[in-house]
Amino acid sequence: QEQLVESGGGSVQAGGSLRLSCAASGYFYSTYCMAWFRQVPGKEREGIASIYINDGRTYYADSVKGRFTVSKDNAKRAMYLQLNNLKPEDTAMYYCAADRARRGYCVISQDEYKNWGQGTQVTVSS
C-alpha cells in the first residue's frame, strides 16, 4: 500500500529545533518530487520545501530559507525536514507530499501533488 507517514512534530520554544520525517511506502522513485507543506487552521496550505528524488535538488520558500533544510535518505525511502531557529509563526500542521515530477525540477505548489500524508503538528511557543 502506498502511503506517506510523517513523524517528529512536537512543542518547542522559540529558537529551538525539530526534525520531521516522512516515511514513503511507494512514491520514492527517481522520477518523483517530494515536498513539505504546512497549514494553519483557516489559512491556505503553504509550500515550504521540495526535493527531487532523482538528484536531490531542493527548493525553499522565502519564509523558511536559511532556517529549514530538506533532505532524503534513499536507503530508508524517507524525506526529512530539519527545522532550526523556530519562531511562533512556524506553528502549523506539517504535511509531506509526493507526485511525479512534471518538469525537470520540483515546485512547492500544492496543485502539483496528489499524494499526501496525515500531517504532524509543530507548536512553537514564545
Quick one: [atom1] on [X] to [atom2] on [Y], what's the gap to the nearest 0.5 Å?
X: Asn54; Y: Tyr105; atom1: CG; atom2: OH; value: 15.5 Å
X: Arg100; Y: Cys33; atom1: CZ; atom2: SG; value: 11.5 Å
X: Arg102; Y: Thr31; atom1: CZ; atom2: OG1; value: 13.0 Å

Check: Gln82 side chain, Phe68 main-chain N or O, donor-acceptor pair, under 3.5 Å: no
Salt-bridge criterion met for Asp62 and Lys65 (N-O under 4.0 Å): yes
Cation-pi geometry met for Arg38 and Tyr95 (6.0 Å, 45°): no
Search all heavy atoms of [X] against all heavy atoms of [Y] and return the closest pair with its distance.
X: Tyr52; Y: Gly104; result: CE2-O, 3.4 Å
X: Met34; Y: Leu4; result: CE-CD2, 3.9 Å
X: Arg67; Y: Leu86; result: NH1-CA, 4.0 Å

Test item: side-chain donor near acceptor, Asn115 and Tyr27, under 3.5 Å: yes
Phe37 and Trp116 aromatic centres sub-6.0 Å: yes
Co-membership, hydrophobic cluster, residues Tyr32 and Ile108, 4.5 Å side-chain: no
